[in-house]
Structures are given as C-alpha cells and as structure tokens.
Amino acid sequence: MDDNELTGRLVCVFLKRLGWQPRLVSTGQQALDILAQEPMDMVLLDLRMPGMSGERVCRCIRDDMGLVHLPVVAFTAHSMPEEKARLLSAGFDDVLIKPISFQDVRRLCASRGKTPVAACA
C-alpha cells in the first residue's frame, strides 16, 4: 500500500467517525463515474492520481458536469500560501493539507453543513 492509498483510507476512517458515508476510489475517472451516477455532498481530490490530476478532475466536475456548487476539496502536501491560492482560483473550494489529523477533517466537514456523503479520490 503506497502513501496515497494509506492516506485515502485514513481520511475515510475519519469521515466515517464523523457520520459521513465516504466512497474511496483510486483514479480521477472513477470519481467522475461515481459523480455521474450518485449525488455527493463533497469530493476530496488528491492532486496526484493515476490517469489524470486532481486539478483536471476538478475542471471536469465544474465545466463538463456543471457541478459548480458541489464542494471540491484539494488533498495535497503542498502547503505554501501561493499554492493554496492557485488551487482555489482553479475551482477548488478548500484545501486539506497532508499530513492530516482528525481535527482537520472535522473542521472541513463542519464547514460543509450538508448530508454526509463524500467521494475520496
């Protein structure tokens, strides 16, 4: 299990503890496929996924699928303020910085205020 898979599973454990029903996928295309079939209340996207980047998946969610109000959160180790600003201007609603803690995920979920269903890619 590589670091990305382990971190993805950890986020899902935290989300479950908070009452969410996360769906963990391995690729951006899988995330897009799930979004085409099921409503989600939030999407966490690792920026480095096989096949397509998290930024490209975010653009597909916003532009191709028209899901402009769906919260999409970048999941990254890049913590520089200019990187966060770039991600927010690229269409992400928030940035979750690795390494993560339960408190980070709780803060993120508390700011959403919706039915707890999320896809983690």
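Reckoned from all heavy atoms, side chains included, excluding hydrogens, waters and symmetry mates.
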Asks: Could you give me the CA-CA distance, side-chain angles and deciding distance for Met49 and Val57, then say whether side chain to side chain contact (heavy atoms under 4.5 Å, CB included) is met?
Replies: CA-CA 10 Å; Met49 294 180 289; Val57 175; 3.9 Å; yes

Asks: Can you tell me how far the NZ atom of Lys16 sits from the CD atom of Gln21, to the nearest 0.5 Å?
Replies: 10.0 Å

Asks: Say you draw a straight line from CZ of Phe75 to CG of Leu45; how long is it, rounded to the nearest 0.5 Å?
Replies: 10.5 Å

Asks: What's the spacing between Phe14 CZ and Cys109 SG if we round to 0.5 Å?
Replies: 11.0 Å

Asks: One pair to check against side chain to side chain contact (heavy atoms under 4.5 Å, CB included): Val73 and Val43. What are the steps and the verdict?
Replies: CA-CA 6 Å; Val73 178; Val43 177; over 6 Å; no

Asks: Any side-chain heavy atom of Asp41 sitting closer than 4.5 Å to one from Leu70?
Replies: no

Asks: In a check of side chain to side chain contact (heavy atoms under 4.5 Å, CB included) between Phe92 and each of Thr76, Ile61, Leu47, which one passes?
Replies: Leu47

Asks: Short question: side chain of Arg106, backbone of Leu18 - any donor-acceptor pair under 3.5 Å?
Replies: no

Asks: Scan Val11, Asp104, Thr7, Leu10 and name whichever one has a side chain to side chain contact (heavy atoms under 4.5 Å, CB included) with Lys98.
Replies: Thr7

Asks: Please determine, by modelled atom types, if Gln37 and Asp33 share a side-chain donor-acceptor pair under 3.5 angstrom.
Replies: no

Asks: Within 45° of the axis and under 6.0 Å from the centre of the six-membered ring of Phe102, does NZ or CZ of Arg17 qualify?
Replies: yes

Asks: Before you tell me yes or no, could you show the steps for His78 and Val95 under side chain to side chain contact (heavy atoms under 4.5 Å, CB included), namely the whole-Å CA-CA distance, both residues' side-chain angles and the distance that decides it to 0.1 Å?
Replies: CA-CA 9 Å; His78 302 285; Val95 179; over 6 Å; no

Asks: After noting the C-alpha distance and the side-chain angles of Met40 and Arg23, does the key distance pass the side chain to side chain contact (heavy atoms under 4.5 Å, CB included) rule?
Replies: CA-CA 10 Å; Met40 294 286 156; Arg23 298 279 309 268; 3.9 Å; yes

Asks: Can you tell me if Gln30 uses its side chain to pair, donor with acceptor, with the backbone of Ser26 under 3.5 Å?
Replies: yes

Asks: Does Asp63 use its side chain to pair, donor to acceptor, with the backbone of Cys60 at less than 3.5 Å?
Replies: no

Asks: Could you tell me the separation between the CZ atom of Arg9 and the CG atom of Leu24, rounded to the nearest 0.5 Å?
Replies: 7.0 Å

Asks: May I ask you to say whether Arg56 pairs ionically with Asp64, meaning some side-chain N is under 4.0 Å from a carboxylate O?
Replies: no

Asks: Not counting sequence neighbours, which residues clear salt bridge (Lys or Arg N to Asp or Glu O under 4.0 Å) with Arg86? List them please.
Replies: Glu55, Glu83

Asks: Might you point out which heavy atoms bring Ile97 and Ala77 nearest each other, and give the distance in Å?
Replies: CG2-O, 4.5 Å

Asks: Under 3.5 Å, side chain of Asp93 to main-chain N/O of Val72, donor-acceptor pair present?
Replies: yes

